[in-house]
Asker: 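Structure in structure tokens, see below.
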Amino acid sequence: MTATSTTTREAEPTALHTPVIDWFDQHARDLPWRRPEAGAWGVMVSEFMLQQTPVNRVLPVYEEWLTRWPRPADLAAEAAGEAVRAWGRLGYPRRALRLHGAAAAIAERHGGDVPKDHHQLLALPGVGEYTAAAVASFAYGQRHAVLDTNVRRVFARAVSGSQYPPNATTAAERKLARMLLPEDDTTASRWAAATMELGALVCTARTPSCGGCPIVDLCAWRGAGSPAHEGPPRRGQTYAGTDRQVRGKLLAVLRESTRPVERAALDAVWHDPEQRSRALTGLLTDGLVERLPDGRYRLPGTD
DNA sequence: CAGTCGTGGTT
DNA sequence: TAACCAAGACT
């Protein structure tokens, strides 16, 4: 026997794998981007949409996009403004612009196929550390540490014994995630999806369902008596009255209009002229809005 | 590294 | 009801 009798009471890193993956086999949601027919492009589209937007709101828009633009080249052939319009009310519409840009880069540089290489993925607009790892892992079955907010919370609790992870991803978290990663690609990919799902369904931020957790007996946070988060409040951003709200209102007008709109129509969305102007300038700078020679406005490239 | 960037459901 | 939260990226 490999007598790995440790003197500590810490579980072996691999002790978490089987219960979490078995739980995933039983409880994984049947999401469209997890089905084989989704392909790498489906996975990539879903990852963009899921950046800061809940699954339930993504589902219908995802279906629309994949039906309308089944391949990256299909999206790349459209005006960027069409992507912004089809983004609907998912929020953070710059993601639509970036996804359109990623599709164009894939069409031009990668022969129309979502690249498999992690470094090439990272080079695409809108693809950061998380999304590159997620696409490589979920679409191509590669072995990557996939650190999203769910996984970070699961690790913070189960391993580090904290209620919440740090505000920003730390080097220590990356190191831990790599240490916990199963050796073979297939299991690692499964592990990534399973830990994410566990965080989304059981080990939730507000009120975790520890009764249904497959690793509750191994959880360091539970073992410590579920201590409350220490330190300053983790976030706090009001939305009402911010430039973001004004930008949202402006863009909503343009999204819903097939035709270019007059400046007056945009001015009607907000009372404060200064903030209005600042928001519109920001949208123009970001490339989310286009100003025509006649002074009207529209989503970029739309007729 | 902290600020910015949408939107809507839940507590 | 105000605050929190949701598969982040970018500057």
Asker: Report the relative orientation of the aromatic rings in Tyr62(A) and Trp33(A); use parallel for angles under 30°, tilted for 30 to 60°, perpendicular for over 60°.
Answerer: perpendicular
Asker: Just the rounded figure in Å: distance from P of dA3(C) to NE2 of His229(A).
Answerer: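 Answer to the nearest Å: 18 Å.
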Asker: Just to confirm, is there a sub-4.0 Å distance from OP1 or OP2 of dA7(C) to any side-chain nitrogen or oxygen of Arg34(A)?
Answerer: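 Checking Arg34(A) against dA7(C): no side-chain N or O falls below 4.0 Å of OP1 or OP2.
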Asker: When the P atoms of dT1(C) and dG6(B) are compared, how many Å lie between them, rounded to an integer?
Answerer: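 27 Å, rounded to whole Å.
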Asker: In whole angstrom, what separates Leu254(A)'s CG from dG6(B)'s C1'?
Answerer: 15 Å
Asker: Taking 4.0 Å as the cut-off, does a side-chain nitrogen or oxygen of Tyr164(A) come that near to OP1 or OP2 on dC5(C)?
Answerer: yes
Asker: Salt bridge or not between Arg68(A) and Asp74(A)? Use side-chain N to carboxylate O under 4.0 Å.
Answerer: no
Asker: Report the C-alpha separation of Leu147(A) and Tyr130(A) in whole Å, then their side-chain angles, then the decisive distance to 0.1 Å, and conclude whether the side-chain contact (heavy atoms from CB on, under 4.5 Å) test is met.
Answerer: CA-CA 6 Å; Leu147(A) 264 188; Tyr130(A) 161 75; 5.9 Å; no
Asker: With a 4.0 Å cut-off, would you call Asp30(A) and Arg35(A) a salt bridge?
Answerer: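 Yes, this pair counts.
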Asker: Roughly, in whole Å, what's the span from CG in Asn167(A) to P in dT4(B)?
Answerer: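 Answer to the nearest Å: 15 Å.
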Asker: Would you mind reading off the distance between Gln51(A) atom CD and dC10(C) atom C1', rounded to a whole angstrom?
Answerer: 11 Å
Asker: Nearest to the Asp148(A) side chain among dG8(C), dG8(B), dA6(C), which nucleotide is it?
Answerer: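 Among the listed nucleotides, the one closest to the side chain of Asp148(A) is dG8(C).
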Asker: Considering all heavy atoms of both residues, which atom of Pro93(A) and which atom of Leu251(A) are nearest to each other, and what is their separation?
Answerer: CG-CD2, 3.3 Å
Asker: For Leu90(A), which contact category applies under a 4.0 Å heavy-atom criterion: base, sugar-phosphate, or nothing?
Answerer: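 Base, at least one base heavy atom under 4.0 Å.
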Asker: Which protein N or O atoms sit under 3.5 Å from an N or O of nucleotides 9-11 of chain B?
Answerer:
{"from": "dT11(B)", "atom 1": "O4'", "to": "Arg206(A)", "atom 2": "NH1", "distance (Å)": "3.0"}

Asker: May I ask you to evaluate whether Thr131(A) reaches the phosphate of dA9(C), defined as a side-chain N or O under 4.0 Å from OP1 or OP2?
Answerer: yes
Asker: Could you tell me the separation between the CE atom of Met49(A) and the P atom of dA6(C), rounded to a whole number of Å?
Answerer: 20 Å
Asker: Does this structure show an ion pair linking Glu129(A) with Arg174(A), if we count only N-O contacts that are shorter than 4.0 Å?
Answerer: yes
Asker: Rounded to whole angstrom units, what separation is found between the CD atom of Glu47(A) and the C1' atom of dA9(C)?
Answerer: 13 Å
Asker: With P as the reference atom in both, quote the distance from dC5(B) to dA2(C) in angstrom, rounded to an integer.
Answerer: 22 Å
Asker: Do you know which two heavy atoms are closest between Arg276(A) and His271(A), and how far apart they sit?
Answerer: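 Closest pair (atom of Arg276(A), atom of His271(A), distance): NH1-O, 3.8 Å.
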Asker: If every non-hydrogen atom of Glu173(A) is compared with every non-hydrogen atom of Pro165(A), which pair is closest and at what distance?
Answerer: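 Nearest heavy atoms, Glu173(A) then Pro165(A): OE2-CB, 3.7 Å.
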Asker: How many whole angstroms separate atom CZ of Arg95(A) from atom P of dA6(C)?
Answerer: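 Computing the Arg95(A):CZ to dA6(C):P distance gives 15 Å.
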Asker: So what does Trp33(A) touch, heavy atoms closer than 4.0 Å: a base, only the sugar-phosphate, or nothing?
Answerer: base
Asker: At a heavy-atom distance below 4.0 Å, what parts of residues 60-70 of chain A sit against DNA chain B?
Answerer: none
Asker: Does Arg247(A) have a side-chain nitrogen or oxygen under 4.0 Å from the phosphate oxygens OP1 or OP2 of dG6(B)?
Answerer: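 Answer yes for this pair, as a side-chain N or O of Arg247(A) is under 4.0 Å from OP1 or OP2.
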Asker: Write down the distance between CH2 (Trp87(A)) and P (dG8(B)), rounded to a whole number of angstrom.
Answerer: 14 Å
Asker: Looking at Asp113(A) and Arg71(A), is any side-chain nitrogen of the basic one under 4.0 Å from a carboxylate oxygen of the acidic one?
Answerer: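 Salt bridge between Arg71(A) and Asp113(A), a charged N being under 4.0 Å from a carboxylate O: no.
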Asker: Take atom P in dT11(B) and the same atom in dA7(C), then report the distance between them in whole Å.
Answerer: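 The answer is 14 Å between these two P atoms.
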Asker: Nearest to the Tyr92(A) side chain among dG6(B), dA7(C), dT7(B), which nucleotide is it?
Answerer: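 Of all the options, the side chain of Tyr92(A) is nearest to dG6(B).
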Asker: Under 4.0 Å: is that the gap between some side-chain N or O of Arg153(A) and OP1 or OP2 of dA6(C)?
Answerer: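 Answer yes for this pair, as a side-chain N or O of Arg153(A) is under 4.0 Å from OP1 or OP2.
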Asker: Charged N to carboxylate O under 4.0 angstrom, Asp185(A) versus Arg143(A)?
Answerer: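 Answer for the salt bridge query: no.
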Asker: Identify which one of Glu290(A), Glu262(A), Arg263(A) satisfies the side-chain hydrogen bond (donor to acceptor under 3.5 Å, both in side chains) criterion when paired with Tyr297(A).
Answerer: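 Passing option: Arg263(A).
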Asker: Among dT7(B), dA9(C), dA7(C), which nucleotide sits nearest the side chain of Arg98(A)?
Answerer: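 Given the options dT7(B), dA9(C), dA7(C), the side chain of Arg98(A) is closest to dA9(C).
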Asker: Touch check for Gln245(A), heavy atoms < 4.0 angstrom, all strands: base, sugar-phosphate only, or nothing?
Answerer: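 No contact at all - Gln245(A) keeps every heavy atom at 4.0 Å or more from the nucleic acid.
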Asker: Could you check whether Arg89(A) gets within reach of a base, just the sugar-phosphate, or nothing at all, counting any heavy atom under 4.0 Å?
Answerer: sugar-phosphate
Asker: Mind checking Gly91(A) for me? I need base, sugar-phosphate or nothing, with any heavy atom below 4.0 Å counting as a touch.
Answerer: base
Asker: Please classify the nucleic acid contact of Leu31(A) as base, sugar-phosphate, or nothing, using heavy-atom distances under 4.0 Å.
Answerer: base
Asker: Look at all strands and tell whether Val127(A) reaches a base, only sugar-phosphate, or nothing, counting heavy atoms closer than 4.0 Å.
Answerer: sugar-phosphate
Asker: Toward the 5' end of DNA chain C, which comes first, Asn150(A) or Leu122(A), by nearest nucleotide?
Answerer: Asn150(A)
Asker: So, for Trp87(A) and Trp65(A), is the gap between ring centers shorter than 6.0 Å?
Answerer: yes
Asker: Taking atom types as they are modelled, would you say the side chain of Thr53(A) forms a donor-acceptor pair with the base of dG6(B) within the 3.5 Å cutoff?
Answerer: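 Under the 3.5 Å cut-off, the side chain and the base do form a donor-acceptor pair.
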